Q: 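Can you read through this structure? Questions will come right after.
This one's a predicted model, so the numbers in the text were calculated from it and none came from an experiment. Numbering of ligands and ligand atoms starts at 1, following listing order.
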Amino acid sequence: MKVAVIMGSASDWDVMSPCCATLEDFGIPYEKRVLSAHRNPGPLAQYVASLPEKGCEIIIAGAGGAAHLPGVIAALTTLPVIGIPVKSKALNGMDSLLSIVQMPSGIPVATMAIDGAKNAALFAVSILALNNNALALQLQQFRKDQSDKVLNTVI
Ligand code: RP5
């Protein structure tokens, strides 16, 4: 596996599934887990510690509310962490966004938009493509297809 996708709750799956679908589209081997920073702190730390020996290069973490999951994961590893703020009921995801984006200096989390799961996968693909020419070509083709789709739109 190259990417670990971690979410704080099974209730995050609807938001996180486009991330996994996009990784699959690009043929990226990944593993997904539900692990909460506050409900499962011990197992989360064990899982994060196990990732480098499995070949994992990037961690994507999605959480909502007081969304400390990506930041806690980033504190436990030097692997790059991409955070997805999951839209919350109470504050429409502003709590999740600010919790994830405002990491104190020294422990970065690359923060996506609220519910920005597809972009998290595409960002991971960009990083992996730095050392993978075939993947870089796939990403260029994706961008071209996306551009053509807009240019060919008739209204
Ligand atoms: C966070 O709290 C999860 O990431 C989820 O977005 C939110 C609500 O979790 P549940 O109460 O649905 O398990 O930890």
Side-chain angles (χ1 to χ4, degrees), residues 1-132 135 138-139 142-143 145-146 149:
M1 52 103 84
K2 289 280 181 195
V3 177
V5 178
I6 307 174
M7 60 208 85
S9 169
S11 67
D12 297 322
W13 174 240
D14 283 351
V15 167
M16 296 297 286
S17 63
C19 171
C20 295
T22 303
L23 292 173
E24 285 167 24
D25 288 345
F26 280 88
I28 307 293
Y30 72 95
E31 191 170 275
K32 62 178 183 298
R33 290 288 301 268
V34 176
L35 282 167
S36 161
H38 52 280
R39 291 170 178 151
N40 319 106
L44 174 66
Q46 283 170 9
Y47 180 64
V48 172
S50 76
L51 291 174
E53 69 198 24
K54 293 181 183 172
C56 180
E57 295 181 12
I58 302 169
I59 301 171
I60 297 173
H68 36 254
L69 180 66
V72 168
I73 292 170
L76 292 166
T77 181
T78 54
L79 291 175
V81 177
I82 303 171
I84 303 167
V86 172
K87 191 170 183 176
S88 57
K89 280 187 195 142
L91 296 171
N92 285 323
M94 284 305 292
D95 44 355
S96 323
L97 173 65
L98 297 178
S99 296
I100 297 175
V101 79
Q102 288 290 8
M103 280 300 291
S105 179
I107 305 290
V109 171
T111 307
M112 301 293 109
I114 295 170
D115 288 355
K118 183 172 178 175
N119 271 0
L122 290 172
F123 195 61
V125 169
S126 290
I127 296 170
L128 294 171
L130 290 170
N131 294 308
N132 183 330
L135 192 58
Q138 238 182 304
L139 186 54
F142 169 85
R143 291 284 185 100
D145 292 346
Q146 186 171 245
K149 198 173 167 190

Q: Below a 4.0 angstrom heavy-atom separation, can you tell me which part of Met7, side chain or backbone, both or neither, approaches ligand 1?
A: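 No part of Met7 is near ligand 1 at this cut-off.
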Q: Apply side chain to side chain contact (heavy atoms under 4.5 Å, CB included) to Glu31 and Val3, showing your working.
A: CA-CA 7 Å; Glu31 191 170 275; Val3 177; over 6 Å; no
Q: Report the nearest protein non-hydrogen atom to atom 10 (P) of ligand 1: residue, atom name, distance rounded to 0.1 Å.
A: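 For atom 10 (P) of ligand 1, the nearest protein heavy atom comes out as Ser9 OG, 3.4 Å.
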Q: As a quick check of understanding, evaluate side chain to side chain contact (heavy atoms under 4.5 Å, CB included) for Leu135 and Val125, giving each step before the final call.
A: CA-CA 8 Å; Leu135 192 58; Val125 169; 4.0 Å; yes
Q: Would you give the length of the straight line joining atom CG of Leu91 to atom CE of Met94, rounded to the nearest 0.5 angstrom?
A: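 Answer rounded to 0.5 Å: 9.0 Å.
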Q: Would you give the length of the straight line joining atom CG of Leu51 to atom CD1 of Ile6, rounded to the nearest 0.5 angstrom?
A: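 Leu51 CG to Ile6 CD1: 6.0 Å, rounded to 0.5 Å.
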Q: Measure the spacing between OG of Ser36 and CG of Leu69 and express it to the nearest 0.5 Å.
A: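 Reported value, rounded in 0.5 Å steps: 7.0 Å.
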Q: Where is the nearest protein heavy atom to atom 11 (O) of ligand 1: which residue, which atom, and how far?
A: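 Heavy-atom neighbour on the protein nearest atom 11 (O) of ligand 1: Arg39 NH2, 3.4 Å.
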Q: Closest non-hydrogen protein atom to atom 1 (C) of ligand 1, residue and atom name please, with distance?
A: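 Ranking protein heavy atoms by distance from atom 1 (C) of ligand 1, first comes Gly64 O, 3.3 Å.
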Q: Atom 14 (O) of ligand 1: which protein heavy atom is closest, and how many Å away?
A: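 Its nearest protein heavy-atom neighbour is His38 CE1, 3.3 Å.
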Q: Asp12 versus ligand 1: do any nitrogen or oxygen atoms come within less than 3.5 Å of each other?
A: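 Between Asp12 and ligand 1 (N or O atoms, distance only) the closest approach is under 3.5 Å.
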Q: Taking atom CE of Met16 and atom SG of Cys20, what is their separation to the nearest 0.5 Å?
A: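 Separation between the atoms: 6.5 Å.
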Q: Which atoms of ligand 1 sit under 4.0 Å from any heavy atom of Ala63?
A: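 Checking each atom against Ala63, I get 4 (O).
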